[in-house]
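Atoms considered below: every heavy atom in the structure, side chains included; atoms not considered: hydrogens, waters and symmetry mates. Letters A, B, ... are given to chains in the order of the sequence lines, protein chains preceding strands, and every chain is numbered from 1.
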Amino acid sequence: MAFEESPDLKLYKDGLPAGLPDPSRKQRRIWAVIIGLAIVSLLLMILNMAQDGTLAILAGTGEITGIIYDDLGNPCEAEIFVFGTNLSARSDQNGYFQLKGVPAGEQIVIIAYRNSGHEHAIHVTAGQMIDMGKIHFQTEDFLNGWSHTP
Amino acid sequence: MGRTVRQLQKGQGLVEYALLLVLMAVIAILALNISGVSTSDLFNQIKTGIEGEDDSCKPLAEAGDEWESSKDKFWHGGIEQQQDGYKVCPLCGGLLPGFSDSDYQLDLSGVTVKNTNATWNGYGITFRAENGANGLNGYMFEVEKVNKNNPTRIYFSKWVNGVQIKPYIKMYYLPSDIDWNNPPDMSVKVEGNTFTAYMNGQQVLQGSDKTYTEGGAGVFSNAGTELSFSDFLINPLNCPEVK
């Protein structure tokens with residue numbers, strides 16, 4: 001403000017005039033908005049973590065088991081992995097597999113044999129074992145140009 | 001001497017405004033992330049919007065001297081450049097090197113096939129794909145003739161760690177007006193969770209899946225076919241026409 005535009009001191013001879021804007025009110029409003037935005041970003045962050053699986057890791061891990069059979073009904077040595085993780089296992093000669101440390105929450109388990117695979121959506125609960133039961137491959141699974149001979 | 005109360009208040013005000021801006025940016029990024037919108041795609045859309053429509057229809061990538069070979073325990077080899085195009089040996093495939101994006105349109109043209117076996121003839125396009133440590137990850141659109149007794153089928157499939165997932169995402173049979181012996185040009189439009197396949201400009205199949213949100217693209221051939229093609233382009237979406 002230019003010096004010439006400064007208010008006259010006579011205006012203040014009886015003290016500060018009533019109704020002057022309270023500078024701290026504006027500040028309080030800004031802080032209310034900041035806190036509001038911080039809460040929204042925290043909620044979005046939690047949603048984001050739930051989407052990418054970080055929340056599931058924090059929630060703990062569980063275990064999955066099952067028995068895998070080939071298209072002829074014989075137990076087979078297949079590969080089992082959990083989509084989006086480095087977790088994998090191989091079933092034994094009896095077709096039995098056990099996979100520990102699977103993050104809790106919704107998971108996609110892939111059962112793979114002779115370059116064909118099945119997807120299984122499962123819900124893993126922390127500290128619990130999920131038995132996927134008997135998993136059978138079908139003849140159609142190997143109808144392709146590469147895995148028709150074992 | 002120390003700063004006046006007014007100076008301190010002004011400084012504090014700036015900190016508050018900076019905090020507001022940072023929080024708004026964080027919210028925008030998180031919201032985009034949750035909704036599945038790629039920030040790089042958004043940036044590119046804005047960029048192409050500013051630069052003008054002509055630039056936005058330039059290919060994002062195209063077949064060149066080099067291909068990223070899919071050769072591993074499963075695929076037999078990659079793609080070879082020839083004088084008049086490219087050759088893909090049976091059960092071979094490759095990706096365009098250094099390209100990865102979420103939404104695009106793929107155009108494979110000048111296709112000829114030589115069947116090296118009486119069965120499992122076919123070829124196709126891979127998209128949102130990568131050659132991972134354990135094998136191919138991504139999607140495929142394929143036209144496949146199992147043998148002379150079966151109708152030619154077309155399908156979208158998903159690959160995880162070099163394994164093809166069954167059942168397929170979507171399967172149908174080759175429309176009767178498309179001649180397998182005169183292989184059609186092939187296009188695939190990849191947009192969000194929806195994939196649409198075209199042959200000779202005609203929509204032939206549409207599928208949907210949400211596993212992979214971005215990745216590269218390439219060409220492959222089935223076990224009984226040697227494929228040749230003249231060009232393979234990756235174009236941005238919404239260009240004048242799908243060829």
Legend entry - CA sep, side-chain torsions, deciding dist, call: A:Met45, B:Leu30, side-chain contact (heavy atoms from CB on, under 4.5 Å): CA-CA 7 Å; A:Met45 222 176 277; B:Leu30 287 171; 4.2 Å; yes

Inset, instruction - Decide salt bridge (charged side-chain N to carboxylate O under 4.0 Å, His left out) for A:Glu119 and B:Lys158; before the verdict, give the C-alpha distance in whole Å, the side-chain angles of both, and the deciding distance to 0.1 Å. - result: CA-CA 10 Å; A:Glu119 275 184 327; B:Lys158 175 163 63 179; 2.6 Å; yes

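Between chain A and the residues B:Val26, B:Asn137, B:Leu20, the most heavy-atom pairs under 4.5 angstrom are made by B:Leu20.
Contact detail for A:Ser41 and B:Leu23: the closest heavy-atom pair is OG-CD2, 3.7 Å. Closest approach of A:Ala112 to B:Val163, counting heavy atoms only: CB-CG2, 3.6 Å.
Neither the backbone nor the side chain of A:Phe137 has a heavy atom closer than 4.5 Å to any heavy atom of chain B. For A:Ile110, the part lying near chain B is the side chain, with the backbone staying farther off; criterion is any non-hydrogen pair under 4.5 Å.
At least one side-chain heavy atom of A:Phe81 sits less than 4.5 Å from a side-chain heavy atom of B:Val160.
B:Lys166 places a side-chain N or O within 3.5 Å of a backbone atom of A:Asp141 that can act as its donor or acceptor partner. With hydrogens and angles ignored, the 3.5 Å screen pairs a side-chain donor or acceptor of A:Asn115 with a backbone N or O of B:Gly162.
The environment of OH in A:Tyr96 is crowded: more than 12 heavy-atom neighbours from other residues, nucleotides or ligands sit within 6.0 Å. Taking a 6.0 Å sphere around OH of B:Tyr172, one finds it holds 12 or fewer heavy atoms contributed by other residues, nucleotides or ligands. Within a 6.0 Å sphere centred on CG of A:Asn86, heavy atoms belonging to other residues, nucleotides or ligands number 12 at most.
From B:Asn161, atom CG reaches atom OG of A:Ser88 across 8.5 Å, with rounding to the nearest 0.5 Å.
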